[in-house]
Asker: 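Could you have a look at this structure, given as structure tokens, before my questions?
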Amino acid sequence: MNWSSDDAAVLRRAGEASVLILTSLADGPKHGYALIQDIRSFSGHKLGPGTLYSALDRLEALELIQSLPAQERRQPYRITRAGSEALAAYLDSVERVSSVGRLRLSLGPAL
Amino acid sequence: MSSDSRHSAPGTHSAPGTHSVPVSDTSTGSRLVRAAIRCYPRPWRERHGEEAAELGRMLVADGSPPPVVALSYLVAAGRERARLEAERARLEARRGRAAAGAAAAALSLLGAGTALLAPTAQASPVHAVQVRVTRPADAVGQLSAALARHELHVSVVGRPVAHGLVGSVLSVQWRLAGPVPIGILYGPCPTSRASACAVGARVPVNLAAPAEIVVGVPRSGEGAGMSAGPGR
């Protein structure tokens with residue numbers, strides 16, 4: 001049986017916004033506005049603030065991110081070790097699917 | 001923080017590290033956003049309210065239409081309220097079951113016997129078995145024992161995870177193609193302060209193929225090791 005990675009499964013259930021947020025936090029802590037801007041710059045997705053907070057709550061509940069002390073009225077978040085592991089596992093699984101898909105479509109390797 | 005130096009607030013010319021936002025709190029857009037944020041449940045507002053209002057102001061100053069920002073908050077507020085309601089209903093149902101159990105035990109002690117309770121238990125035919133983790137450190141043993149009692153061919157394996165995921169159902173797999181017939185049950189998290197975690201599974205009694213449930217167990221050195229022993 002080809003078992004999937006459990007870390008990847010956890011993140012897959014958490015949703016696309018969660019993946020985008022973890023990816024954004026992978027290069028350092030950010031607060032909400034910085035997250036939205038960064039995610040828009042690297043993915044083209046413009047996360048709504050409501051979606052953002054729902055995903056942040058979910059990720060914090062899973063201990064994949066951690067809130068840092070607030071700076072004025074901005075709450076920064078950082079990725080945890082478990083979050084980094086979950087993101088890496090998820091990206092690996094996506095890459096495997098992507099490779100197979102590209103091969104079957106004769107698209108060649110991704111850039 | 002790295003993000004502060006790279007992402008200054010829109011429409012501001014403040015020095016690095018400062019956070020002045022010149023968007024008026026009394027503007028119509030700001031009032032609209034604040035009204036949407038007030039739709040969130042109180043616990044959420046106490047935790048995120050000020051920060052969410054600040055973010056709303058920054059997004060509006062950055063060119064996002066206030067109704068769009070407000071609508072995003074409004075939809076998420078509805079979801080948050082629905083989630084809380086569902087959680088409350090689950091807790092009340094659990095309390096009800098506990099109370100019924102206590103009443104049954106009391107009746108039994110008083111000599112009334114359990115025969116009186118049998119019709120209630122048989123009122124709804126069982127098509128699926130629900131198993132829940134109540135002892136996170138022994139989630140593997142507990143689920144294995146519960147499933148074995150019903151002669152279900154489901155193996156339970158533990159995977160070392162971070163403390164907050166100990167006792168949570170991580171994934172469900174089975175050997176046939178098509179959707180997995182095993183449902184995941186959600187409830188209050190056993191080992192973290194989060195409000196909802198995957199804490200159990202609903203397994204059809206007529207499961208057609210062997211399946212596997214993966215649950216989080218403590219990493220070595222972080223608590224009790226995983227156990228495949230029987231439950232209580």
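The sequence lines fix the lettering, A, B, ..., with proteins before strands; numbering per chain opens at 1.
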Asker: Can you find a heavy atom in the side chain of A:Asp57 that is under 4.5 Å from one in the side chain of B:Arg47?
Answerer: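 When only atoms from C-beta onward are counted, B:Arg47 and A:Asp57 do touch, with a gap below 4.5 Å.
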
Asker: Classify the ring geometry of B:Trp44 against A:Tyr53: parallel below 30°, tilted from 30° to 60°, perpendicular beyond 60°.
Answerer: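 Taking A:Tyr53 first and then B:Trp44, their aromatic rings stand perpendicular (interplane angle over 60°).
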
Asker: Just do the side-chain contact (heavy atoms from CB on, under 4.5 Å) check on B:His48 and A:Leu56 with the steps written out, would you?
Answerer: CA-CA 11 Å; B:His48 293 302; A:Leu56 287 173; 5.7 Å; no

Asker: Check whether A:Ile36 gets within reach of chain B through its side chain, its backbone, both or neither, counting any heavy atom under 4.5 Å.
Answerer: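 Contact with chain B involves the side chain of A:Ile36 alone.
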
Asker: Can you measure from NE2 (A:His31) to CD (B:Glu51) and round to the nearest 0.5 angstrom?
Answerer: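 One gets 10.0 Å once the value is rounded to the nearest 0.5 Å.
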
Asker: So, using salt bridge (Lys or Arg N to Asp or Glu O under 4.0 Å) as the criterion, who are the partners of B:Arg202 when residues are at least two apart?
Answerer: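 Salt bridge (Lys or Arg N to Asp or Glu O under 4.0 Å) check on B:Arg202 returns nothing, list empty.
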
Asker: For the atom pair CG (B:Leu59) and CD (A:Gln37), what is the distance rounded to the nearest 0.5 Å?
Answerer: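 The CG atom of B:Leu59 sits 7.5 Å away from the CD atom of A:Gln37.
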
Asker: Any chance CD of A:Glu95 has more than 12 other-residue heavy atoms, nucleotides or ligands included, within less than 6.0 Å?
Answerer: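 No, the 6.0 Å shell around CD holds no more than 12 heavy atoms from other groups.
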
Asker: Answer yes or no: is there a side-chain heavy-atom contact under 4.5 Å between A:Arg73 and B:Arg57?
Answerer: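 Yes, side chains in contact.
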
Asker: What parts of residues 67-76 of chain B touch chain A if we use heavy atoms and a cut-off under 4.5 Å?
Answerer: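 Listed by number: B:Val69, B:Ser72, B:Tyr73, B:Ala76.
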
Asker: Is A:Leu52 close to chain B through its backbone or its side chain, or both, or neither, when contacts mean heavy atoms under 4.5 Å?
Answerer: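 The side chain, not the backbone.
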
Asker: Begin from the C-alpha positions of B:Asp62 and A:Arg40 and carry the test salt bridge (charged side-chain N to carboxylate O under 4.0 Å, His left out) through to its verdict.
Answerer: CA-CA 13 Å; B:Asp62 199 24; A:Arg40 184 164 52 176; 3.5 Å; yes

Asker: With rounding to the nearest 0.5 Å, note down the distance linking CZ in B:Arg83 to CZ in A:Arg58.
Answerer: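 Output value for this atom pair is 10.0 Å.
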
Asker: Against chain B, work out which of A:Gly32, A:Pro49, A:Gly48 has the most heavy-atom pairs shorter than 4.5 Å and name it.
Answerer: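 Option with the greatest count: A:Pro49.
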
Asker: If you round to the nearest 0.5 Å, how far is CZ of B:Arg79 from OG1 of A:Thr51?
Answerer: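 Answer for the OG1-CZ pair, A:Thr51 versus B:Arg79, is 6.5 Å.
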
Asker: At their closest point, which heavy atom of A:Glu85 faces which heavy atom of B:Arg219, and how far apart are they?
Answerer: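 What the structure gives for the nearest pair is OE1-NH2, 2.8 Å.
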
